[in-house]
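Presented below is the structure to which this report refers.
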Amino acid sequence: MNLPETSSNELYDSLLPEIRQELRNHERNATVQAGTKLIAQGDAPKELIIVNAGSVEISVTSGNRTIPLATAGTGKVIGLRSIIDDVSSEVEVKTLEECSVTYIPKDRFQEVLNRHLEIFLAIAKILSTDLKAAEYRLRDLRCTSGKRDKDLSYPA
Amino acid sequence: MPPYSFQIIEDCLKCPYREDRLFCDLSNEALTALRDIKATSVYPKGTLLFLEGQESRGIFILCTGRAKLFTTSAEGKTIILRMVEPGEVLGLTSAIAGAVYEATAETLEPTQANFISQKDFLRFLNGHPEVGMKVAQQLTHNCRCAYNEIRSLGLSNSVPEKIAKLLLAWAEHPLEAGKKSQEIAIRVTLTQEEIAQFVGTSRETVSRVLGDFKKKGWLRIKGATWFLSNKQALEKLVTT
């Protein structure tokens with residue numbers, strides 16, 4: 001599989017060419033197999049991940065149960081929230097097919113971020129979109145749970 | 001005697017809560033710029049700050065009081081998406097995207113809020129990169145809350161579990177007065193109908209479950225003050 005250059009993604013598209021170049025200096029490209037867990041829920045990602053080709057599923061899990069949130073493809077940037085807040089991921093991201101991805105180490109990304117605070121504005125736009133998607137999912141769940149949720153039982 | 005039970009804070013630089021609140025913990029320079037573009041108002045309970053589908057006018061920074069963010073389903077059912085606490089910003093995603101408001105915001109109690117028009121906010125954001133950082137942190141917080149809600153709602157097995165989770169979440173911010181006793185005192189400004197809209201069930205079911213909790217001696221309700229008498233029992237209900 002050829003590894004395309006990270007020319008267009010939801011983060012780089014909003015950045016100045018010189019900032020993009022700084023980030024490119026820290027990139028590492030890879031091909032990952034279908035079914036690979038790029039981010040595990042509860043883990044603190046050590047890298048920012050950009051999907052260059054292929055598709056991934058974003059979901060929340062509890063035990064062996066999973067709620068799919070979204071399917072994302074080329075240009076999706078994963079791991080931003082954990083990088084900003086230094087907290088573990090609340091979601092799981094798994095490849096649905098063979099994917100070409102770019103990794104940027106968290107500490108390197110943070111160095112560039114500290115030099116160019118304007119990157120936060122680009123990040124805010126991405127998080128804004130992620131939040132909207134999450135709220136739509138929440139709306140669906142709240143809407144349907146009333147119909148199916150008749151269980152008033154208590155655990156033994 | 002002010003008509004509301006709180007002191008109105010006009011000057012963000014003098015706000016005693018500024019350092020504790022995610023969005024407000026800005027440099028003096030940024031806060032001075034913010035002071036010049038904000039309009040402070042006090043709203044009574046039940047005020048609609050903005051409506052779902054309305055063109056974005058700007059953002060509201062909640063200084064005092066709480067609000068609910070809700071939407072309406074195709075069947076006309078009200079669905080509460082999120083409770084908004086003091087220090088949080090309302091209308092952020094729509095202001096950034098230049099899109100319509102995705103939900104309606106209604107105050108749950110007398111509320112002081114600072115309004116900033118969309119044009120001024122975007123100019124403020126571009127002129128002060130540290131504000132972009134605060135916005136990103138606020139959105140990170142909101143995303144985390146939404147994902148936790150999705151997990152809670154989608155993976156909870158029963159209505160008692162969902163209501164127990166809600167009570168335990170509220171118990172993370174107990175009333176001062178209740179801190180000394182064995183019980184945890186919380187202030188609940190939501191009606192049973194609104195709790196139903198929040199957990200995705202009917203008011204009758206909420207009433208039945210709360211009645212059950214009271215009968216078991218886990219909960220005591222005195223007006224808007226609720227007492228969690230057996231937190232452990234509620235925690236045992238939570239399986240996810």
Side-chain angles (χ1 to χ4, degrees), chain A residues 41 58-69 80-92 113-156, chain B residues 69 71 73-75 77 79-82 92-94 96-97 99 102-103 125-126 128-162 196-202 205 208-209 212 236-237 239-240:
Chain A
Q41 190 175 301
I58 303 166
S59 60
V60 293
T61 63
S62 179
N64 55 1
R65 297 163 75 188
T66 299
I67 305 172
L69 293 174
L80 281 170
R81 286 189 308 281
S82 300
I83 283 177
I84 289 174
D85 247 10
D86 211 17
V87 293
S88 54
S89 176
E90 323 84 5
V91 296
E92 177 177 290
L113 193 57
N114 291 337
R115 275 198 300 277
H116 303 282
L117 289 179
E118 59 268 40
I119 300 176
F120 277 111
L121 187 53
I123 293 173
K125 286 178 187 167
I126 298 169
L127 295 178
S128 210
T129 310
D130 289 351
L131 178 61
K132 264 190 205 176
E135 287 184 340
Y136 273 119
R137 191 75 183 92
L138 193 55
R139 187 180 309 207
D140 285 348
L141 279 170
R142 288 231 159 94
C143 207
T144 53
S145 67
K147 290 171 191 164
R148 60 176 165 76
D149 202 347
K150 302 290 178 203
D151 184 1
L152 289 175
S153 66
Y154 289 77
Chain B
L69 206 57
T71 181
S73 73
E75 295 105 344
K77 188 177 159 187
I79 302 153
I80 297 182
L81 291 173
R82 194 160 62 87
L92 208 44
T93 53
S94 303
I96 289 172
E102 301 275 335
L125 203 53
N126 284 310
H128 300 83
E130 63 172 302
V131 180
M133 183 168 75
K134 294 292 172 191
V135 167
Q137 286 171 341
Q138 172 77 67
L139 291 168
T140 295
H141 167 80
N142 293 355
C143 279
R144 193 176 313 122
C145 291
Y147 293 138
N148 285 335
E149 282 298 319
I150 289 169
R151 185 177 302 112
S152 170
L153 205 61
L155 301 175
S156 292
N157 290 315
S158 68
V159 180
E161 181 180 348
K162 288 177 188 176
Q197 291 163 0
F198 198 63
V199 298
T201 188
S202 66
T205 305
R208 203 166 137 191
V209 171
D212 217 15
K236 274 187 192 163
L237 285 185
T239 57
T240 53

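Here is how names work: the chains are called A, B, and so on, in the same order as the sequence lines, proteins then strands, and each is numbered from 1. Worth saying up front: this structure is predicted, and the values here are computed from it rather than measured.
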Between atom [atom1] of [X] and atom [atom2] of [Y], what is the distance when rounded to the nearest 0.5 Å?
X        : Y        : atom1 : atom2 : answer
A:Leu121 : B:Leu125 : CG    : CG    : 4.5 Å
B:Arg144 : A:Asp85  : CZ    : CG    : 4.5 Å
A:Leu141 : B:Ile79  : CG    : CD1   : 10.0 Å
A:Asp86  : B:Thr140 : CG    : OG1   : 11.5 Å
A:Asp130 : B:Asn142 : CG    : CG    : 12.0 Å
A:Phe120 : B:Lys134 : CZ    : NZ    : 9.5 Å

- [ ] Counting only heavy atoms closer than 4.5 Å, note whether B:Ile150 contacts chain A via side chain, backbone, both or neither.
- [x] both

Task: Contacting moiety of B:Gln138, where chain A heavy atoms sit under 4.5 Å - done: neither

Task: Region of A:Leu113 that comes under 4.5 Å of a non-hydrogen atom in chain B - done: neither

Task: Under 4.5 Å from a heavy atom of chain B, the part of A:Glu118 involved - done: backbone

Minimum heavy-atom separation for [X] and [Y], please, with both atom names.
X        : Y        : answer
B:Val135 : A:Ala124 : CG1-CB, 3.8 Å
B:Arg151 : A:Glu90  : NH2-O, 2.6 Å
B:Glu130 : A:Leu117 : N-CD1, 4.4 Å
A:Ser128 : B:Leu139 : N-CD1, 4.0 Å
B:Ala136 : A:Ile84  : CB-CD1, 3.8 Å
B:Leu69  : A:Glu135 : CD2-OE2, 4.5 Å

Open item on the list: As a quick check of understanding, evaluate side-chain contact (heavy atoms from CB on, under 4.5 Å) for B:Tyr147 and A:Arg81, giving each step before the final call.
Closed with: CA-CA 12 Å; B:Tyr147 293 138; A:Arg81 286 189 308 281; 3.2 Å; yes

